[in-house]
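Numbering of ligands and ligand atoms starts at 1, following listing order.
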Amino acid sequence: MSSETARRTSDIPEQGLPQNAIIKELEAKLQRDFTYSSGKILCSMCTNPHSFAKQIYRNYLEKNLGDPSLFPASIELEQETIRMLGSLLSNPKASGHIVSGGTEANIIALWAARNLAKKERGEVIVPVSAHYSFDKASDLLNLKLIKVKLNRRFQMDVKAAEKAITSKTVAIVGVAGSTGLGVVDSIRELSEIASAHNIYLHVDAAFGGFVLPFLKELGYKPLDFDFRLPGVCSITIDPHKMGLAPIPAGGILFRDAKMSEAISMKVPYLTGGEMKQSTLLGTRSGASAVAVWALLMHLGRAGYAAVVKRCLGLTWKLVEGIQRIDGLDIVTKPTLNVVGVKSDRIDVHLIFQELRKHGWAVSLFLDYLRVVIMPHTKPSYIKRFLEDLQRILENLRT
Ligand code: 0PR
């Protein structure tokens with residue numbers, strides 16, 4: 001037995017090991033993980049970050065946005081990044097932060113909405129398709145989630161949402177790119193309702209935020225979802241999903257700074273004197289924000305549009321392929337690069353298990369499989385996936 005295998009995994013070595021030995025051990029230990037480059041990951045809303053963003057991220061690992069007095073230039077870059085994201089979402093004056101991800105962004109949005117509303121035992125109206133980060137947020141913030149059914153197109157039922165409004169409502173949440181099917185709720189109608197009742201509207205575009213702004217120029221039907229709609233108060237948009245940035249990088253944008261003021265805390269003792277913080281985390285990655293800034297500058301709008309064009313093109317190839325396989329169909333026509341796959345003949349759990357045996361990672365929802373076509377997906381992977389699916393279906397049918 002080698003000394004490595006003899007070591008208990010709970011032991012910190014008494015004497016440090018040479019770096020090469022550790023690197024070798026890590027390579028061996030991490031081999032079981034999936035890799036984006038294998039082409040087998042079809043379930044993730046994250047991707048292999050852009051190489052330039054990785055390089056920039058590595059260069060600035062020591063930056064801490066939690067201490068603006070030490071890193072004022074990094075904070076300035078974070079704020080420039082927010083303004084660029086704001087202009088992508090039709091409001092260059094938006095305020096906000098690069099945060100750890102969609103979960104933190106959604107928590108921050110509801111935190112602000114709750115504080116602004118100043119209501120006892122507040123309620124938040126969400127579609128049943130909302131990401132589970134809203135369950136976390138409601139638990140943390142002592143808010144009750146009112147889950148509203150979907151219409152036939154898997155969008156939040158707007159009439160049901162309006163009916164759910166009470167004197168306790170502190171916010172309505174619309175999803176622009178749902179986790180399961182990539183569906184975009186009718187944010188325009190939600191905006192009208194929210195404005196009419198003077199209620200905070202948050203849009204979760206964690207996934208759709210880097211896709212929807214490009215639909216029009218790519219010849220797809222554009223969908224309103226952003227600050228152009230007057231009722232929209234805040235938007236989650238995640239650079240570490242379709243933004244190609246290294247994890248962790250989420251984004252929370254508020255229509256104006258007054259909204260985020262509702263959650264700002266005074267931090268009196270830092271080097272630069274009294275500071276205000278309006279994020280959940282204290283110490284937080286400056287490298288993340290700088291990498292997003294650098295990537296926005298490097299890819300530009302055209303670069304992101306090209307990424308979206310490729311993903312959507314491949315999505316449609318996948319859809320055509322799925323529809324050609326006897327026994328399979330799509331759940332709904334995709335708006336974004338997310339496809340729900342269902343079967344009226346074979347239990348999707350069985351298909352999921354067979355795909356897993358073939359090394360494919362897709363997501364298993366209650367009665368459908370989710371495939372996400374991210375920038376790491378190549379046409380050859382889709383071709384192989386469809387071939388395997390076809391064979392799996394044939395075998396399961398016999
Ligand atoms: N909002 C929406 C609409 C989401 O889909 C997600 C995550 C979040 C918020 C939360 O974002 P964070 O995970 O950044 O906090 N959606 C993915 C999902 O649940 C997250 C994911 C990503 C899961 C990669 C698996 C994976 O491999 O499917």
Asker: Any salt bridge (Lys or Arg N to Asp or Glu O under 4.0 Å) pairs touching residues 297-320, not counting sequence neighbours?
Answerer: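 As it turns out, the salt bridge (Lys or Arg N to Asp or Glu O under 4.0 Å) pairs with a partner in residues 297-320, which skip direct neighbours, are Glu217-Arg301.
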Asker: Are more than 12 heavy atoms, taken from residues, nucleotides or ligands other than Asn142, located less than 6.0 Å from that residue's CG atom?
Answerer: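 At most 12 heavy atoms, drawn from other residues, nucleotides or ligands, come within 6.0 Å of this atom.
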Asker: So His50 and His298, would you call those rings parallel, tilted or perpendicular, with 30° and 60° as cut-offs?
Answerer: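 It falls in the perpendicular class, over 60°.
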Asker: Pairs under 3.5 Å, N/O atoms on ligand 1 and on the protein: can you put them in a table with the distances?
Answerer:
unit_1	atom_1	unit_2	atom_2	d
ligand 1	1 (N)	Asp204	OD1	3.3
ligand 1	1 (N)	Asp204	OD2	2.6
ligand 1	5 (O)	Thr179	OG1	2.8
ligand 1	11 (O)	Gly102	N	3.4
ligand 1	11 (O)	Lys241	NZ	2.8
ligand 1	14 (O)	Gly102	N	3.0
ligand 1	14 (O)	His240	NE2	2.8
ligand 1	14 (O)	Lys241	NZ	3.0
ligand 1	15 (O)	Gly102	N	3.4
ligand 1	15 (O)	Thr103	N	2.8
ligand 1	15 (O)	Thr103	OG1	2.5
ligand 1	19 (O)	His131	NE2	3.2
ligand 1	27 (O)	Ser44	OG	3.1
ligand 1	28 (O)	Arg370	NH1	2.9
ligand 1	28 (O)	Arg370	NH2	2.9

Asker: Apply the hydrophobic cluster definition, ILVMFWY joined by side-chain contacts under 4.5 Å directly or through others, and give me every member besides Tyr36.
Answerer: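 Reading the cluster by chain and number, Tyr36 sits alongside Phe34, Ile41.
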Asker: Determine whether more than 12 heavy atoms belonging to other residues, nucleotides or ligands lie under 6.0 Å from atom CD of Gln19.
Answerer: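 Open: at most 12 neighbouring heavy atoms sit under 6.0 Å from CD of Gln19.
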Asker: Who else is in Tyr200's hydrophobic cluster (ILVMFWY, side-chain heavy atoms under 4.5 Å, direct or via others)?
Answerer: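 Other cluster members: Val99, Ile107, Ile108, Leu110, Trp111, Leu116, Val124, Val126, Phe134, Leu140, Leu141, Leu143, Leu145, Val170, Val173, Ile252, Phe254, Met259, Ile263, Met265, Leu280.
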